[in-house]
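In what follows, chains are A, B, ... by sequence order, proteins preceding strands, each numbered from 1. Nothing here was measured: the structure is a model prediction, and the numbers come from that model.
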Amino acid sequence: MLEGAVIDRIDRRGKLMAIIGDDGRAIGVHLGMSGQVLWAAAGGRLSTDHVHATWRLDDGSRFVFRDPRRFGGVWMFASRDELPPWQSLGPDALKITPSEFAARLRGAKRPIKAALLDQGLVAGIGNIYADEALHRAGIHPLTQPSSLEPDRLERLGAAVVELLQDAVAVGGSTLRDYRAADGEPGGYQHAHRVYGRSGLECLTCGRGLSTARIAQRTTVWCPGCQECVQPVPDE
DNA sequence: CACGACCCCTGGATGC
DNA sequence: TGCATCCAGGGGTCGT
């Protein structure tokens with residue numbers, strides 16, 4: 001893919017990466033749950049199992065897309081904006097103002113945790129960072145978004161940005177598969193305050209953390225730090 | 001249209 | 001040691 005073209009730039013919206021050639025063609029890469037993009041210099045070794053695509057560069061280096069669970073994907077299109085997943089994404093969580101963030105979430109009629117995971121509203125927040133952001137902002141995951149004062153939704157938006165910046169600064173969260181292109185795991189998993197800690201004590205107030213299934217994802221929160229202003233009906 | 005249930009897939013951890 | 005079960009960073013599709 002992209003034979004003969006020079007890679008012009010790498011774009012990203014949420015969890016979707018776009019490798020764009022100087023002719024405008026674009027390769028979309030989504031890592032899903034277990035995907036990796038790994039690079040090796042000329043003559044370097046790369047794992048071969050579960051490799052679904054290999055790109056060779058003129059300098060002899062190469063990079064691969066490997067993905068054991070195959071929840072990820074690779075697409076090739078004539079332009080970035082034609083990539084099917086790209087079109088359906090909302091604005092990137094790191095490039096949105098708190099007021100824009102609040103405006104987009106306010107209308108949702110489902111638990112705020114579910115809304116945070118909707119990539120069409122705001123792109124880039126997954127299960128880990130949804131739980132971590134709600135804890136940072138002191139908001140219960142079952143809260144009805146419209147019941148929150150605008151400034152609380154804006155504070156959540158600001159918390160998302162700070163959180164993602166903190167996580168990116170140390171290479172993200174590696175639970176098992178995630179690796180940077182050079183094979184290095186991230187370090188932010190050591191900073192998680194609620195995700196993966198169900199049943200343990202809250203690091204902020206000491207109360208036992210609660211767990212539930214929300215939007216088909218395990219959700220962990222602190223019943224002491226995270227106030228439920230108004231839950232969605234039925235919950 | 002918005003939402004939730006279900007499904008896709010492999011492999012690591014845990015329990016018997 | 002071996003097997004069964006459960007669980008995991010996501011999201012497309014379909015029914016309501």
Would you tell me whether A/Gln36 and A/Arg66 have side-chain atoms, one donor and one acceptor, within less than 3.5 Å of each other?
yes
Heavy atoms under 4.0 Å, any strand shown: does A/Arg179 hit a base, just sugar-phosphate, or nothing?
nothing
Taking atom C1' of B/dG12 as reference, at what distance in whole Å does atom CZ of A/Arg69 sit?
11 Å
Measure the acute angle between the ring planes of A/Tyr129 and A/His192, then classify it against the limits of 30° and 60° as parallel, tilted or perpendicular.
perpendicular
State whether A/His30 places a side-chain N or O below 4.0 Å from either non-bridging phosphate oxygen (OP1 or OP2) of C/dG10.
no
Let me know the distance between CH2 of A/Trp86 and C1' of C/dG10, rounded to the nearest Å.
17 Å
Check: A/Trp221 ring centre within less than 6.0 Å of A/His135 ring centre
no
Report yes if a side-chain nitrogen or oxygen of A/Thr218 is closer than 4.0 Å to either non-bridging phosphate oxygen (OP1 or OP2) of C/dA8; otherwise report no.
yes
Less than 4.5 Å apart, side chain to side chain, heavy atoms only: is that true for A/Leu117 and A/Arg217?
yes
Out of C/dA8, C/dG11, B/dC9, whichever nucleotide has its closest atom nearest the side chain of A/Arg176
C/dA8
Using purine N1 to pyrimidine N3 plus N6-O4 or O6-N4 for Watson-Crick, or N1-O2 and O6-N3 for G-U wobble, each under 3.5 Å, what pairs with C/dT16?
B/dA2
For C/dG9, the nucleotide meeting Watson-Crick or G-U wobble distances (both under 3.5 Å) is none
Answer with base, sugar-phosphate or nothing: what part of the nucleic acid does A/Leu175 contact at a heavy-atom distance below 4.0 Å?
base
Using whole Å, report how far CG of A/Leu117 lies from P of B/dC3.
13 Å
From CG of A/Asp118 across to P of C/dG10 the rounded distance in Å is 13 Å
Ignoring backbone atoms, test whether A/Tyr129 places a side-chain nitrogen or oxygen under 4.0 Å from the OP1 or OP2 oxygen of C/dG9.
no
Which nucleotide in the set B/dC3, C/dG9, B/dC9 lies at the smallest distance from any side-chain heavy atom of A/Met33?
C/dG9
Give me syn or anti for C/dG12, where syn covers glycosidic angles within 90 degrees of 0.
anti
Same-atom distance (P) from B/dG11 to C/dG12, integer angstrom:
23 Å
Between C/dC3 and B/dC9, how far is it from one P atom to the other, in whole Å?
23 Å
In whole angstroms, the gap separating P of C/dC7 from CD1 of A/Ile128 amounts to 18 Å
Would you say the side chain of A/Trp75 lies within less than 4.5 Å of the side chain of A/Ile27, judging by non-hydrogen atoms?
no
For A/Gln119, report the nucleic acid contact type (base, sugar-phosphate, nothing); a contact means any heavy atom under 4.0 Å.
sugar-phosphate
Nucleotide C/dA8, atom C1' - distance to CG of A/Leu31 in whole Å
15 Å
A/Asp11/A/Arg9 ion pair, N-O < 4.0 Å:
yes
Please confirm whether any donor atom in the side chain of A/Arg110 sits under 3.5 Å from an acceptor in the base of B/dA2, or the reverse.
no
Closest to the A/Lys109 side chain, choosing from C/dA8, B/dT10, B/dC3:
B/dC3
Examine C/dG10: is either OP1 or OP2 under 4.0 Å from a nitrogen or oxygen in the side chain of A/Lys15? Give yes or no.
yes
Please check the phosphate of B/dC9 (OP1 and OP2 only) for any side-chain N or O of A/His50 closer than 4.0 Å.
no
A/Ser61 and A/Asp59 side chains, donor-acceptor separation under 3.5 Å
yes
Please report the distance separating the C1' of C/dG9 from the corresponding atom of B/dC3, rounded so that it comes out in whole Å.
23 Å
A/Asp177, nearest nucleotide to its side chain (from C/dG9, C/dA8, B/dG4)
C/dG9
Can you measure A/Asp67 atom CG to C/dG11 atom C1' for me and round it to whole angstrom units?
13 Å
If you take atom types as modelled and just measure distance, does the side chain of A/Arg70 reach the base of B/dC9 with a donor-acceptor pair under 3.5 Å?
no
Heavy atoms only, 4.0 Å cut-off, all strands: where does A/Ala108 land among base, sugar-phosphate and nothing?
sugar-phosphate
Taking atom C1' of C/dG9 as reference, at what distance in whole Å does atom CE of A/Met17 sit?
15 Å
